[in-house]
Amino acid sequence: SRDFRVVVVGSTGVGKSALVQRCVRGNFREAYLPTIEDTHLQALGCSHKAGAMHTTDTTGGRRYQATCHCQGHAFILVYSVTKKQTLEELKPLYELIRQLKGNSPQKCAIILVGNKCDESHREVSEKEGAAYVSEWNCAFLETSAKMNINVQALF
Ligand code: GDP
Ligand code: MG
């Protein structure tokens, strides 16, 4: 299959659904709707290969999450810059993904995302997030689903 599967992970409330919704539907919803399990399919306009990009927004049970992790080609690890704890909570997820997928960036691309960069109240600076790039061998971006900052660049 030429499908490219992107898995979006992170603690509740960091803005996973908002990022996916911003990307897929181009809008933002202020109200919080807890996700059970959401898979968005989006045609991926890519210069060299055409395929579907499956964006899986995970808040399902552990079992569902593990399935997603096994099938993912790329992982978007989302925390909120307004809550340091959400960055810390990504560590075990990061380790799980590396365990399942290995370290090769060809097999598994990881992007660390600090969402809600529009908020003036911060607990995590851009520098603190960027410090993970070398440690985790990943890419890093700050985004705002609300203000539509870096969402296109991310996906
Ligand atoms: P999820 O649990 O990770 O899927 O989080 P949601 O996408 O449901 O978002 C949780 C809450 O954060 C909602 O109230 C959103 O409106 C809000 N939110 C999401 N993204 C942003 C953002 O970029 N900036 C701000 N200020 N709020 C956001
Ligand atoms: Mg959600």
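Atoms within each ligand, like the ligands themselves, are counted from 1 in listed order.
- The distance from atom CD of Glu135 to atom OH of Tyr94, rounded to the nearest 0.5 Å, is 7.5 Å.
- Remark: the backbone N or O of Gly10 is paired with a side-chain donor or acceptor of Lys16 at under 3.5 angstrom.
- Close N/O approach between Thr12 and ligand 1 is not found [any backbone or side-chain N/O within under 3.5 Å].
- Ranked by closest heavy atom to atom 12 (O) of ligand 1, the top entry among Glu142, Lys116, Met147 is Lys116.
- Each of the following atoms of ligand 1 lies closer than 4.0 Å to a heavy atom of Ser144: 23 (O).
- Heavy-atom proximity to Asp118, at under 4.0 Å, picks out these atoms of ligand 1: 22 (C), 23 (O), 24 (N), 25 (C), 26 (N).
- Taking every non-hydrogen atom of Asn115 and a distance limit under 4.0 Å, the qualifying atoms of ligand 1 come out as 20 (N), 21 (C), 22 (C), 23 (O).
- Residue side and main chain included, Ser17 places an N/O/S atom under 2.8 Å of the Mg ion (ligand 2).
- Atoms of ligand 1 lying under 4.0 Å from at least one heavy atom of Ser11, given by number and element, are 3 (O).
- Side chain of Asn115 to main chain of Val78: no donor-acceptor pair is present (N/O by atom type, distance under 3.5 Å, no hydrogens or angles).
- When every heavy atom of Phe28 is checked against every heavy atom of Ala18, the shortest pair comes out as CE1-CB, 3.9 Å.
- Between Arg98 and Phe75 there is no side-chain heavy-atom pair separated by less than 4.5 Å.
- Taking a 4.5 Å side-chain heavy-atom cut-off between Ile, Leu, Val, Met, Phe, Trp and Tyr, the cluster of Met147 extends to Ile149.
- Note on ligand 1: Gly10 sits outside its first shell, no heavy atom being nearer than 4.0 Å.
- Within ligand 1, counting atoms from 1 as listed, the ones closer than 4.0 Å to a heavy atom of Ala18 are 7 (O), 19 (C), 20 (N).
- Closest approach of Val151 to Ala145, counting heavy atoms only: CG2-CA, 4.1 Å.
- Inclusion of Thr143 in the set of residues having an N or O under 3.5 Å from an N or O of ligand 1 is not warranted.
- The proximity of Cys117 to ligand 1, defined as any non-hydrogen pair under 4.0 Å, does not occur for either the backbone or the side chain.
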### Message
What verdict does the side-chain hydrogen bond (donor to acceptor under 3.5 Å, both in side chains) test give for Glu89 and Ser11, after you've listed the backbone C-alpha separation in whole Å, the side-chain angles of each residue and the deciding distance to 0.1 Å?
### Response
CA-CA 7 Å; Glu89 284 164 354; Ser11 304; 2.4 Å; yes

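- Within the structure, salt bridge (Lys or Arg N to Asp or Glu O under 4.0 Å) contacts touching residues 141-155 (residues at least two apart or in different chains) are Glu30-Lys146, Arg122-Glu142.
- Taking each of Ser17, Ser120, Ala145, Ser80 in turn, the one with a heavy atom nearest to atom 4 (O) of ligand 1 proves to be Ser17.
- Checked against a 3.5 angstrom limit, the closest N/O atoms of Phe28 and ligand 1 fall outside it.
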